[in-house]
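Naming: A, B, ... by sequence-line order, numbering from 1 per chain.
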Amino acid sequence: MMTTSEKVGSNIRKANAEAIRRILEAKPVLIDVVPASEAIPALQEGMILHAGPPIDWGNMCGPMRGAVTGIAVFEGWATDLAEAEQLAESGAFSLNPNHDFGAVGPMTGMTTLSQPVLVVENRASGNHAFCTINEGLGKVMRFGGNDASVLKRLGWLRDTLGPALGVALRAGKGIELKPLVARGLTMGDEMHQRNLGCSSLLLRTLAPDLARTVDDRTALAEMLSFIGSNDQFFLNLAMALGKAIMDPVCDIDCSSVVTAMTRNGTDFGIRVSGLGDEWFTAPVEMPEGLYFPGFSADDANPDMGDSTIVETIGLGGFAMAAAPAVAGFVGAGTPSIAADFTRTMGEITLTQNPEWTIPALDYQGVPTGIDIRLVVETGITPTINTGIAHRKPGIGQVGAGVVKAPLACFELALKALATRLGVR
Amino acid sequence: MNKASDQQKSGAQIKEKTVQQSLLNGPPQVINLGLASFADELTKQGTVVVHVDWSPPARGDVELANLLSKLNE
């Protein structure tokens with residue numbers, strides 16, 4: 001506990017310098033794909049990990065409920081969606097945030113025992129982070145889809161693609177992810193709503209080992225086609241990479257650096273390094289964006305997903321300048337103003353990442369290290385590029401847009417940090 | 001001593017008068033702090049305006065501004 005405000009400021013600066021060092025020196029490597037039960041031994045029957053800060057069934061939004069019931073059927077805990085809903089209402093399932101188990105998940109973020117997860121090892125710190133495999137576009141569980149086609153695809157990921165990726169990765173030395181992201185930024189990716197470059201680079205890297213280890217040529221062709229036709233395949237890997245980078249930053253006394261931002265479709269939550277695993281939450285906001293034909297803002301669910309971990313490490317909305325095409329796709333404006341988003345995020349971050357640079361900004365690094373003091377002082381909140389789910393369960397994605405993190409989270413965290421440091 | 005002081009005073013008065021004349025005789029040149037709409041309106045009327053995008057710390061919330069001051073020292 002500090003005794004003078006002068007010492008508090010000095011200690012925050014030192015702590016934040018250490019936080020930045022850990023972020024910049026991280027070495028995330030994709031090493032494996034294994035069942036979640038193997039990666040996360042604490043996972044039990046009836047346990048469902050979800051995106052965002054903690055939430056109970058009664059407060060879950062439509063797509064999150066749709067995913068919970070769908071995954072319960074997938075795991076064999078219920079025979080159909082109606083029974084799954086009854087079980088959920090009775091409290092039969094243990095609902096927990098992914099973030100508490102070293103994991104992250106996009107949108108609804110369902111993680112359960114049998115699903116295969118990407119394993120990213122941070123070789124600078126020795127920690128691991130996990131994320132399920134991206135399901136592709138259309139009706140998918142991450143957007144609340146839960147019909148037979150969704151469960152069939154999850155079954156294929158569990159029984160075919162996941163094990164094959166695991167074998168292929170174990171045959172190699174792992175795939176270093178920071179260089180991939182660096183190249184993706186020069187190819188127009190920001191790693192949240194555009195992953196075309198990195199998905200292509202990953203497929204190019206994985207394909208030889210898959211070809212060597214998968215005997216069934218038809219199955220191999222199906223796998224390569226699945227990855228190659230999904231521009232967002234890399235998103236889940238970018239998320240695990242972000243989690244692997246930020247988890248070692250979570251325990252630095254006095255640091256005001258944000259270590260996680262996430263949302264569950266009801267609340268937005270942040271964690272701050274000097275405040276450990278405490279969540280600071282506020283009602284999540286509605287994305288503003290563009291809708292697929294036949295849908296409008298009336299259909300949209302409030303923002304959700306652990307994918308904001310990519311903004312936490314300086315990608316996504318923070319790297320919009322690298323991806324001018326995204327500015328148009330998410331309805332944020334013309335491609336020429338994409339750089340403004342990145343410059344503005346520079347107002348609330350402590351440094352730039354010299355390994356992840358943006359050609360359009362004369363190779364400036366992406367804004368890195370969100371400081372809650374800067375957010376509160378300026379009133380500028382993180383910009384997040386996001387997908388938009390239908391508000392009803394079972395329908396899926398209806399658009400893409402931009403959403404702001406609610407300022408109240410950062411104000412609550414600032415007060416808590418001041419209390420922790422004895423100046424409030 | 002008094003003579004030098006008088007000369008200095010006289011020089012300052014002349015300079016101040018010159019500035020006033022310049023302000024009154026030439027077109028205004030404006031630095032606008034805060035609300036951009038003020039700058040926009042002047043620009044529409046042909047006035048030269050430099051806008052400074054500024055807002056009070058923590059949007060004017062006194063408690064948060066005081067905490068920021070302590071946490072930044």
> Residues of residues 37-60 of chain B under 4.5 Å from chain A (heavy atom pairs)?
Replying inline: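 Near chain A, by residue number: Ser55(B), Pro56(B), Pro57(B), Ala58(B), Arg59(B).
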>> Is it the case that the side chain of Arg373(A) and the backbone of Leu68(B) share a donor-acceptor pair, with hydrogens and angles ignored and the cut-off at 3.5 Å?
In response: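 No: the side chain of Arg373(A) does not pair with the backbone of Leu68(B).
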>> In the structure I gave you, are the side-chain heavy atoms of Arg424(A) and Leu67(B) within less than 4.5 Å of one another anywhere?
In response: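 Yes, close enough: below the 4.5 Å cut-off.
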>> Pair Lys7(A), Glu73(B) - check salt bridge (Lys or Arg N to Asp or Glu O under 4.0 Å), show working.
In response: CA-CA 8 Å; Lys7(A) 195 176 179 186; Glu73(B) 278 180 12; over 6 Å; no
> Should Leu64(B) and Glu411(A) be marked as a side-chain contact (heavy atoms from CB on, under 4.5 Å) after you check the CA-CA gap, both sets of side-chain angles, and the distance that decides it?
Replying inline: CA-CA 8 Å; Leu64(B) 289 170; Glu411(A) 292 175 342; 3.7 Å; yes
> Considering the options Ile372(A), Val376(A), Ile12(A), which one meets the side chain to side chain contact (heavy atoms under 4.5 Å, CB included) requirement together with Leu71(B)?
Replying inline: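 The passing option is Ile12(A).
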> Does CD in Glu288(A) sit with more than 12 non-hydrogen atoms of other residues, nucleotides or ligands closer than 6.0 Å?
Replying inline: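 No.
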> Taking only residues two or more places apart in sequence, or in another chain, which ones meet Asp306(A) in a salt bridge (Lys or Arg N to Asp or Glu O under 4.0 Å)?
Replying inline: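 Checked Asp306(A) against salt bridge (Lys or Arg N to Asp or Glu O under 4.0 Å); zero matches.
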